[in-house]
Colleague: 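Please see the structure below; I have some questions.
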Amino acid sequence: WARIPPGGGGVAMGAPGDGFRTTGQIFIQESGFYYSWQPTGLDPIGRVRFSSRDLVLPTDEWIHLAIAIDFRAESCALYVNGQAVPGELSRPVSQWLPVGCCLQEPDALGGAYLEGVFSSFEGDLDEVLLFHRMLSGSEIRSIYDLAERNCRLCTFQPEGLVAWWRGERSGLDETGV
């Protein structure tokens, strides 16, 4: 879940890479959201972006966002409030697998390290879930439906849940890592 103020947003989550470039990041703003990564074998400016098309996100209200990625199957999907939205790659990609991560900087929730400086997300994030596999559209819809009914995920935990940050005034995760 995300809530952005007018003019807010930014990098919501990022994984550091070699040379202070992120290997992957999720960016949310009024004009949509995207996942960007550095595929193996491309030059340093060869980032690829999978982004929403013609999408305007509301400000000052909670919205459920999901990005589902399977690098091996070369598949990516975006969802808003449990519904798939059209997305597109910024350019053709011959090798989807991302470059290796840098263990010198931690993954970041609520921002990312860019050029060695932490860049904060302007807005709110809640109930952030991380899986080690790509969820299906029906699984994402089920998670959204549970949240809309104010049910906790303890009644439905899809296989592959790695981490769950409840976002209740604590940076400690509920499940996993």
Side-chain angles (χ1 to χ4, degrees), residues 1-2 4 9-18 21-57 62-103 106-112 114 121 125-148 153 156-165 173 175-177:
W1 290 89
I4 52 174
V11 179
M13 189 172 196
D18 189 26
R21 291 182 189 88
T22 59
T23 58
Q25 65 183 5
I26 297 170
F27 193 90
I28 304 169
Q29 61 190 9
E30 289 176 61
S31 60
F33 69 112
Y34 65 81
Y35 177 76
S36 117
W37 75 99
Q38 176 72 43
T40 303
L42 290 180
D43 57 80
I45 58 169
R47 297 189 66 76
V48 174
R49 178 184 295 181
F50 188 81
S51 58
S52 55
R53 284 191 306 243
D54 305 321
L55 179 68
V56 176
L57 298 176
W62 286 103
I63 49 175
H64 184 263
L65 302 174
I67 299 174
I69 302 166
D70 183 337
F71 290 110
R72 294 190 192 288
E74 299 182 356
S75 178
C76 191
L78 304 170
Y79 298 84
V80 175
N81 293 335
Q83 299 295 317
V85 296
E88 63 188 2
L89 286 172
S90 59
R91 64 191 185 99
V93 182
S94 61
Q95 172 60 278
W96 276 55
L97 292 177
V99 296
C101 67
C102 172
L103 299 177
D107 289 350
L109 180 61
L114 304 171
F121 175 74
L125 300 171
D126 194 24
E127 299 291 336
V128 176
L129 304 169
L130 183 63
F131 294 85
H132 71 71
R133 66 178 184 86
M134 183 174 180
L135 297 183
S136 69
S138 61
E139 288 173 311
I140 290 170
R141 180 65 194 196
S142 293
I143 291 170
Y144 171 74
D145 288 342
L146 281 172
E148 280 293 286
L153 276 180
F156 173 75
Q157 286 193 10
E159 177 188 338
L161 180 63
V162 175
W164 171 21
W165 294 274
D173 60 12
T175 303
V177 206

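Along the sequence shown, the residues carry numbers beginning at 1.
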Colleague: Which atom names give the shortest non-hydrogen contact between Gly32 and Ser52, and what distance separates them?
Modeller: CA-OG, 3.5 Å
Colleague: Closest heavy-atom contact between Ser75 and Met134?
Modeller: OG-CE, 3.4 Å
Colleague: When rounded to the nearest 0.5 angstrom, what is the spacing between CG in Asn81 and CG in Leu65?
Modeller: 7.5 Å
Colleague: Kindly indicate, with the supporting measurements, whether the criterion side chain to side chain contact (heavy atoms under 4.5 Å, CB included) is fulfilled by Val85 and Tyr79.
Modeller: CA-CA 6 Å; Val85 296; Tyr79 298 84; over 6 Å; no
Colleague: Check whether any side-chain heavy atom of Phe121 sits under 4.5 Å from a side-chain heavy atom of Ile28, and report yes or no.
Modeller: yes
Colleague: Under a 3.5 Å distance rule, please check whether Ser90 uses its side chain to pair with a backbone N or O of Arg49 as donor and acceptor.
Modeller: yes
Colleague: Any chance you could measure Glu88, atom CD, to Ser51, atom OG, to the nearest 0.5 Å?
Modeller: 5.5 Å
Colleague: Is there side-chain contact between Asp70 and Arg133, with heavy atoms separated by less than 4.5 Å?
Modeller: no
Colleague: Could you tell me if the side chain of Leu135 sits less than 4.5 Å from the side chain of Ile143, heavy atoms only?
Modeller: yes
Colleague: Going by the rule side chain to side chain contact (heavy atoms under 4.5 Å, CB included), which residues pair with Phe50 if we only count those two or more places apart in sequence or in a different chain?
Modeller: Trp37, Cys76, Leu78, Leu89
Colleague: Ser136: which residues meet the side chain to side chain donor-acceptor pair (under 3.5 Å) condition with it, sequence neighbours left out?
Modeller: Ser138, Glu139
Colleague: Could you check if a side-chain atom of Glu30 sits within less than 4.5 angstrom of a side-chain atom of Leu57, using non-hydrogen atoms only?
Modeller: no
Colleague: Hey, does Trp1 have a side-chain heavy atom less than 4.5 Å from the side chain of Val128?
Modeller: no
Colleague: Are side-chain heavy atoms of Leu146 and Tyr144 found at a separation under 4.5 Å?
Modeller: no
Colleague: To the nearest 0.5 Å, what is the distance between CZ on Phe33 and CD1 on Ile4?
Modeller: 11.0 Å
Colleague: Please give me the minimum heavy-atom distance between Ala2 and Leu125, naming the atom from each residue.
Modeller: CB-CD2, 4.0 Å
Colleague: In Å and rounded to the nearest 0.5 Å, what is the NE2 to CG distance from His64 to Asp126?
Modeller: 10.5 Å
Colleague: Identify, with sequence neighbours excluded, every residue that meets side chain to side chain contact (heavy atoms under 4.5 Å, CB included) alongside Gln83.
Modeller: Arg141
